[in-house]
Amino acid sequence: MPGGSGSEGYRAAVERVGLFSSSRRGVVAVSGAGALRVVNGLASNDVKDVPSGRGVYSFLLDRRGRVVVDLRILPAAGFERDAGDSGTETLWLDTPGDALPALEDHLRKYVPPMLARHGVTSVAVHTLIGPRATEALERWGAAAGVSFLRPAGELAPLEATTVHVGGKAALAARREEIEGAGFDLYVDHAGDARDAKPLLRQLDDAVARVGGAAAGRGDWEILRLERGLPVFGSELGAERLAQEAGQDGRAISFSKGCFTGQEVVARIHYRGHVNRHLRGLRWAPDALRQARDLVGADLHAPSDGARPVGVVTSAVHSPRFGPIGLGYVRREIALGAVLEPVDHPGVALHVTDVPFTHG
């Protein structure tokens, strides 16, 4: 590995399974007879199949086509029981914790109270990432007496199943490949953090039995940059058009009905283009002491004076790939081009595609 072996949690997530239990995500429940119709009118993706267990990744956009939040839209735990009952329709909106205020403001603005109600839940998200995630989840289920309505190993990406944990209904959802293969477990602790401790001990034990380990936020930051995954607050936010992030295939449906921001999205897709694209960035290991020193740096082409052509949004030192970052660069900047940070002259940043490889 170019930069060493990395932490125990990072190695576990790459080679076996890592357990992330401090994901700092928030889950908002939207309930009511009109919940599905309301959310579908706000989401850039098509949510019609969510009540049957097929979750989606989506943006909520403003009328200018800019990102208010990114989120997963999932059925609530116990959805199999409620399927077909329009009076109990409930969706879970899973979003980064930093995006919760923006999500709540957006829902207050656009969700009519007579159609649906919404509120932040006490659902916690526990994440298993790695090639042995399925085995760890199955071991946890067997040891803790947990029952899955569907075997976790049969789930497609973002497909979910209800899990009965100690008399409570929880939800297990398979992660998309770009997020790191594995599962997210959604458990409502009803505001009592003590309820989480036995669950975490059982998950820790199951993960350890297949050679895994607990992992932290720093490990996750490296993993998501390696995959080229944009996140709210770094690559996504109110200053970004939805299509600049390159997540059209994951987050946008061009065949569904109207949604907020659709006019701008459709105009870009069918008749125009965005001026910036999310790209990977690489540089020599000895060029900077700290990768994070580059975050926020404007980029320019050395042969084109000081005119800014991009900005660095995230940067880390990857144990597998060395120094890497993500950033937005103008569309005329080709893959393979070399850019310089305005504040760090002489540091050559090579523009690459993502996910990162050893090439």
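For clarity, every value in this text was computed on a predicted model and none was experimentally measured.
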Steps toward salt bridge (charged side-chain N to carboxylate O under 4.0 Å, His left out) verdict (Arg240, Glu235)
CA-CA 8 Å; Arg240 293 292 168 203; Glu235 290 76 35; over 6 Å; no

- Task: Take Arg201 and Asp205, measure what salt bridge (charged side-chain N to carboxylate O under 4.0 Å, His left out) needs, and give me the verdict at the end.
- Result: CA-CA 6 Å; Arg201 284 196 298 268; Asp205 183 64; over 6 Å; no

Using a strict 4.0 Å threshold on nitrogen-to-oxygen distance, state whether [X] and [Y] make a salt bridge.
X      : Y      : answer
Lys168 : Asp188 : no
Arg24  : Asp98  : no
Glu135 : Arg139 : yes
Glu176 : Arg250 : yes
Glu80  : Arg150 : no
Glu179 : Arg72  : yes

Could you tell me whether a side-chain N or O of [X] sits under 3.5 Å from a main-chain N or O of [Y], the two making a donor and an acceptor?
X      : Y      : result
Arg132 : Val210 : yes
Arg66  : Glu239 : yes
Ser52  : Asp49  : yes
Thr90  : Ala76  : no
Asp105 : Ala102 : no
Thr352 : Leu335 : no
Glu244 : Asn275 : no

Measuring from [X]:[atom1] to [Y]:[atom2], what's the distance to the nearest 0.5 Å?
X      : Y      : atom1 : atom2 : result
Arg25  : Tyr186 : CZ    : OH    : 6.0 Å
Thr260 : Leu60  : OG1   : CG    : 8.5 Å
Leu93  : Leu107 : CG    : CG    : 6.5 Å
Ile178 : Tyr57  : CD1   : OH    : 8.0 Å
Ser58  : Leu158 : OG    : CG    : 11.0 Å
His317 : Gln290 : NE2   : CD    : 10.5 Å

[Y] and [X], any side-chain heavy atoms less than 4.5 Å apart:
X      : Y      : value
Leu36  : Val47  : yes
Trp283 : Leu294 : yes
Val329 : Val309 : no
His126 : Asp184 : no
Val338 : Val351 : no
Arg54  : Glu159 : yes
Thr95  : Val28  : no
Val354 : Leu326 : yes

Closest non-hydrogen atom pair, [X] against [Y]:
X      : Y      : result
Pro319 : Ile222 : CD-CG2, 3.9 Å
Thr162 : Gly78  : OG1-N, 2.8 Å
Arg174 : Leu155 : NE-O, 2.5 Å
Pro131 : Glu15  : CG-O, 3.2 Å
Leu74  : Ala173 : CD2-CB, 4.4 Å
Gly53  : Pro75  : CA-CG, 3.9 Å

task: Could you check Leu42, Leu236, Leu71, Asn45 and say which one makes a side-chain contact (heavy atoms from CB on, under 4.5 Å) with Phe59?
output: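 Only one of Leu42, Leu236, Leu71, Asn45 forms a side-chain contact (heavy atoms from CB on, under 4.5 Å) with Phe59, namely Leu236.
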
Self-check item: Option among Leu19, Val165, Val207, Asp204 that satisfies the side-chain contact (heavy atoms from CB on, under 4.5 Å) test with Trp140
Solution: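 Answer to the side-chain contact (heavy atoms from CB on, under 4.5 Å) test with Trp140 among Leu19, Val165, Val207, Asp204: Val165.
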
Using the side chain to side chain donor-acceptor pair (under 3.5 Å) rule, take Tyr10 and Glu226 through it: C-alpha gap first, then chi angles, then the decisive distance, then the call. CA-CA 12 Å; Tyr10 171 86; Glu226 290 177 346; 2.5 Å; yes

Relative to each other, are the rings of [X] and [Y] parallel, tilted or perpendicular (30° and 60° limits)?
X      : Y      : result
Tyr110 : His106 : tilted
Phe254 : Tyr270 : perpendicular
Phe20  : Trp220 : perpendicular

Full working for side chain to side chain donor-acceptor pair (under 3.5 Å) between Ser314 and Arg224: CA-CA 10 Å; Ser314 300; Arg224 70 102 183 167; 2.8 Å; yes

Chi angles and distances behind the side chain to side chain contact (heavy atoms under 4.5 Å, CB included) call for Val265, Leu61: CA-CA 10 Å; Val265 168; Leu61 307 175; 3.6 Å; yes

Q.
If you count heavy atoms of other groups shown closer than 6.0 angstrom to CZ of Arg37, is the number above 12?
A.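 Counting neighbours around CZ of Arg37, 12 or fewer heavy atoms of other residues, nucleotides or ligands fall under 6.0 Å, so no.
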
Review point. Heavy-atom count around Arg108 CZ within 6.0 Å, excluding the residue itself: above 12?
Key: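 For Arg108, atom CZ is crowded (more than 12 foreign heavy atoms under 6.0 Å).
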
Please test Arg217 against Glu221 for salt bridge (charged side-chain N to carboxylate O under 4.0 Å, His left out), starting from the C-alpha separation and ending with a verdict.
CA-CA 6 Å; Arg217 286 181 59 81; Glu221 182 71 358; over 6 Å; no

**Message:** For Val39 and Ile73: C-alpha separation, side-chain torsions, deciding distance, then whether side chain to side chain contact (heavy atoms under 4.5 Å, CB included) applies.
**Reply:** CA-CA 9 Å; Val39 172; Ile73 304 172; 3.8 Å; yes

Does the structure place the NZ or CZ of Arg279 under 6.0 Å from the centre of the six-membered ring of Tyr328, at an angle of no more than 45° from the ring's axis?
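No, a cation-pi geometry is absent between Arg279 and Tyr328.
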
Would you tell me whether Lys256 and Asn40 have side-chain atoms, one donor and one acceptor, within less than 3.5 Å of each other?
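Result is yes, a qualifying pair exists.
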
